[in-house]
Amino acid sequence: MKKGQLLAQKNNPVKDWYIIQEGTIIQKNDFVETELGVNSIIGILEQDFFICDYIAKTDCVLILFACSGVSDLKHFLEKEKKMRTLFLQTAMNQRFQQFKIYDRLYRMANKFSAYVDKSYQDYQTFVINNRFENPNNPDLSSFQPLNVTHALQQWEIDSCASLMTKCLGDYMKIYTTDDKLAVGAIMEASAQMHRVMQGITQMIEFFGINREHLLSDRKRDLFHAFISLYTFLKKNKQDTSEVETKIIDLLEFAKTLGIYNKQFVESCVQEFNDAMSVEEVQEVEEAEKGPSSDFELILDYSGFIGEEKEKYLKDFTEYSKCYTKIQRDKEANKLRKQINNEFYEIYKKCFFRAVNDRNIPATIEMYLNFGYVDGAFLEEEKINGLFSITTHMELVSSEHVYTIFNWLKAVYRGDKEPSKNEFDLDFEHYLIEEYKQGNIKKEDIDKIKAKPEERVIFEIDNMFKTVNRLTYGNISSFNAILNDGDMFNDPGSMLISRNKLYEAVNQIRGVDFSAYYRPIYANNLPELFQHETLMQEILPDIILMPNAGSKGMMWQETASIKNDTPARFMLPIFATCDINDEIIELTARYRWELCRKIQGPRWNDIREHSLTSDYYDYLQFYKKNHDLSQDAKEQIKSSLTRAKNSFREVFVRDYLNWIKYESKGGFRLNKYVRNIVFEYCPFSKEIRSKLEDSPMFSNAIHKFNVNNAKSLKRLTALYDKFTKDGGTITPELKENISYYEL
């Protein structure tokens, strides 16, 4: 590996472990970085999915071996007995290293909480003693207490430290004498390290949420409160020494934490130096009157002036007085619909300025990402919570997770194609329909397609407006403005963060390993593979709508007519539902619709066996099915009634039971449908091994294993022939064969 190269990425499935032979690898989890040197094992603290990023700090040489669990490790150690001592010692060393990082962060988090609390008390004392009235008084109401559910006990730390410093040699002599002892000790250390890293991740999130209470560019933090107090004392020619000492101490403390951008901390230091260098503080005259509310700021930023601005201000002011009455007041309900339309018109103008703005005000970001408009609709504590998230948008951003603002930016820049509208037309086919209806000229189609503004307007009018309403959960009372009625809890606890999403998606991948795999025809491969379909995992893009809602939408199974593009799942950014269940249901609909797309007109033709055709046959003719008991038939009838005769929705409920209960041996499906679901949504290797002795699964698992072994044998022979002829196994080919090993 070359310096700077990414070896493994967070949330990708673990298929291989690596032993470092030369060089250094950085194990990175946000601001926590660990250097792994020679003989370190990458993958040992992971489980099904990587919890960290691994990046080469130097040019490196590594040994790679397939390992996705204890059975693979046991097999490897049985074959390579000389590696037993190395693996065990490395496991002990890396565990000790992770324990020390956890201990340091845990102490630092508690010290941070205590320091913030003490600083706030000191500030309040200064305020009272000096009769200081600060309009930007710091607010700690949204401070989230430290809650580490994946905790490490002190006895574990002490025991590990004693082992490493006093009796490691004796321990190694005992545990290397037996394969089972060695594997057990290594896997025990691995499980502990994984738990510890989860705890570290929770502490990283704690700092991410709370750090703006100490230092923040919004200037509602303790540092700026002390600066205001310092300026006030200096202006009134009072003693500033105690406050000055406190500010210096606060800045030094912030530096030692290592959780702030260094440039930002230096700018705070400079801000304090500037305040100290002013010899005489003059009275500052009131500046030109700015916006009187956050909503007026949004209108000003968006470029509204004159009568149009006044109309919007009047409408929103009226609505702020009656929006809680929309369920029972016809006039309020009528105004709600008007306000919803105005919300999107303002959003468009605001977006087109913000998309090229490098310094977007926090209020504008809160509007574009969360649907926040003004304090008239949301209490101050929740506004502070929104701001806290705005300062850490990495919580809701990743390669596959987008806020609506980030998604529209991707569409604007051409990184993503606009979504289909509610009539299943993409942007190009929509323009063709517009041409057929005489609304545009034929020569204008390509011009409109090339305009970023037109792409975004299409996305807002045809996807955003519709999906925002659907994910809200109650179409008849949908309110585009984020308000207290919908935000029944603090924003931090309701937020659907990227970590929550990845946990939900990875939970499914850990049970149904093939959930996001698809057969792809690769035209750029050597002739030997021209007629092969390659299994490729393509994770969905998840777009978070700016509302507090209760429903998810599987909007598209692919991004275009090509099968190798991500699906699009839509969710509210603040959830009033169980996010894990929602992701399972979206995945079920995705599986169904992708099968329909791949099968085309034959999606329900039983002569072409597929998930949808087998389910269609099962539900269409269940009354004549002699393999089903009378009770089972009654249950199917009830399921169809609840699903309004939608075969897809019956499958969705079955799939939910499949992931949550059947995978754990809790039988919720009848024997007939269990065999169908297992054929197309088989369990992962680990779950199959646990259930293979169960009479409910033994035949299906045996059949799957036989067929899988045949496929793996054929592919192995094909790959061997290819490599003997001088070919190189590409990442696509490697992923394809590893699919049959899962």
Side-chain angles (χ1 to χ4, degrees), residues 28-34 100-127 132 134 136-148 200-234 240-278 359 362 365 384-395 492:
K28 182 175 174 59
N29 189 352
D30 202 1
F31 60 79
V32 177
E33 295 185 359
T34 307
K100 287 193 291 184
I101 292 171
Y102 176 97
D103 190 43
R104 177 177 63 82
L105 278 178
Y106 188 76
R107 292 173 188 276
M108 190 169 84
N110 283 301
K111 188 176 180 181
F112 174 80
S113 294
Y115 189 89
V116 169
D117 186 56
K118 177 67 166 56
S119 296
Y120 185 68
Q121 291 178 22
D122 289 346
Y123 174 75
Q124 294 292 350
T125 301
F126 283 132
V127 166
F132 173 56
N134 182 9
N136 293 322
N137 197 42
D139 181 13
L140 300 188
S141 58
S142 60
F143 192 95
Q144 298 290 318
L146 179 63
N147 180 27
V148 183
I200 288 171
T201 300
Q202 289 181 318
M203 285 187 279
I204 289 170
E205 289 181 356
F206 162 82
F207 283 117
I209 291 169
N210 292 314
R211 60 187 170 188
E212 85 282 347
H213 291 296
L214 196 65
L215 287 181
S216 167
D217 56 5
R218 195 190 182 197
K219 302 186 187 301
R220 291 292 301 275
D221 55 297
L222 284 163
F223 167 72
H224 285 96
F226 277 112
I227 288 288
S228 296
L229 175 61
Y230 176 85
T231 305
F232 169 80
L233 294 174
K234 196 169 184 180
T240 61
S241 58
E242 284 189 80
V243 176
E244 186 177 321
T245 301
K246 183 64 187 179
I247 294 172
I248 293 170
D249 181 68
L250 187 152
L251 290 170
E252 286 301 316
F253 181 71
K255 286 179 184 178
T256 62
L257 290 171
I259 62 175
Y260 297 101
N261 180 287
K262 288 183 180 179
Q263 291 180 332
F264 174 59
V265 176
E266 288 303 320
S267 70
C268 291
V269 172
Q270 186 59 50
E271 187 175 349
F272 179 48
N273 289 337
D274 291 343
M276 290 177 67
S277 64
V278 177
N359 296 300
E365 283 201 73
N384 291 335
L386 292 180
F387 174 78
S388 176
I389 298 169
T390 300
T391 59
H392 309 292
M393 290 305 292
E394 69 276 5
L395 294 173

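The basis for the numbers below is simple: all heavy atoms, side chains too, and nothing from hydrogens, waters or symmetry mates.
Contact of the Gln202 side chain with the Asn147 side chain is not registered, since no non-hydrogen atoms from C-beta on lie closer than 4.5 Å. Side-chain contact check for Met203 versus Val32: every heavy-atom pair is 4.5 Å or farther apart. A heavy-atom distance below 4.5 Å is found between the side chains of Ile259 and Met108. Using a 4.5 Å cut-off on side-chain heavy atoms (C-beta onward), Asn110 and Arg107 make no contact. The side-chain heavy atoms of Leu233 and Phe132, taken from C-beta on, include no pair separated by under 4.5 Å. Residues Asp117 and Phe143 are not in side-chain contact: their nearest non-hydrogen atoms beyond the backbone lie 4.5 Å or more apart.
Here the CD atom belonging to Gln270 is positioned 5.5 Å from the CG atom belonging to Asn273, to the nearest 0.5 angstrom. To the nearest 0.5 angstrom, Ile200 atom CD1 is 7.0 Å from Thr34 atom OG1. Here the CG atom belonging to Leu215 is positioned 11.5 Å from the CG atom belonging to Asn261, to the nearest 0.5 angstrom. The line from CD of Glu244 to CG of Leu229 is 12.0 Å long, rounded to the nearest 0.5 Å. Distance check: Glu266 CD to Lys255 NZ gives 5.0 Å after rounding to the nearest 0.5 Å. Annotation: the span from Ile204 atom CD1 to Leu105 atom CG amounts to 6.5 Å, rounded to 0.5 Å.
Ring geometry for Phe253 versus Phe112: interplanar angle under 30°, hence parallel rather than tilted (30 to 60°). Relative orientation of the Phe264 and Tyr260 rings is tilted, given thresholds of 30° and 60° on the angle between their planes. Under the 30°/60° scheme for interplanar angles, the aromatic rings of Phe226 and Phe126 are found to stand perpendicular.
By the neighbour-count criterion of 12 heavy atoms within 6.0 Å, atom CD of Glu242 is sparsely surrounded, having that number or fewer from other residues, nucleotides or ligands. Counting heavy-atom neighbours within 6.0 Å of Tyr106 OH, excluding the residue itself, gives a total of 12 or less.
At distances below 3.5 Å, not a single donor-acceptor pair connects side-chain atoms of Lys246 with backbone N or O atoms of Asp122. Judged by distance alone, the side chain of Tyr115 and the main-chain N or O of Leu250 form a donor-acceptor pair under 3.5 Å. Side chain of Asn210 to main chain of Phe206: a donor-acceptor pair is present (N/O by atom type, distance under 3.5 Å, no hydrogens or angles).
Of all the heavy atoms in Leu251 and Cys268, the pair that sits closest is CD2-CB, 3.9 Å. Residues Ile389 and Gly492 approach most closely at CD1-N, 4.3 Å, considering heavy atoms.
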side-chain contact (heavy atoms from CB on, under 4.5 Å) between Tyr120 and His213: does it pass, once the steps are laid out?
-> CA-CA 10 Å; Tyr120 185 68; His213 291 296; over 6 Å; no
Check the pair Leu214, Leu222 against side-chain contact (heavy atoms from CB on, under 4.5 Å), reporting the backbone distance first and the verdict last. CA-CA 5 Å; Leu214 196 65; Leu222 284 163; 4.2 Å; yes
Candidate pair Gln124 and Gln121, rule side-chain contact (heavy atoms from CB on, under 4.5 Å), full reasoning
CA-CA 5 Å; Gln124 294 292 350; Gln121 291 178 22; 5.7 Å; no
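Aromatic ring centroids of Phe272 and Phe223 lie 6.0 Å or more apart.
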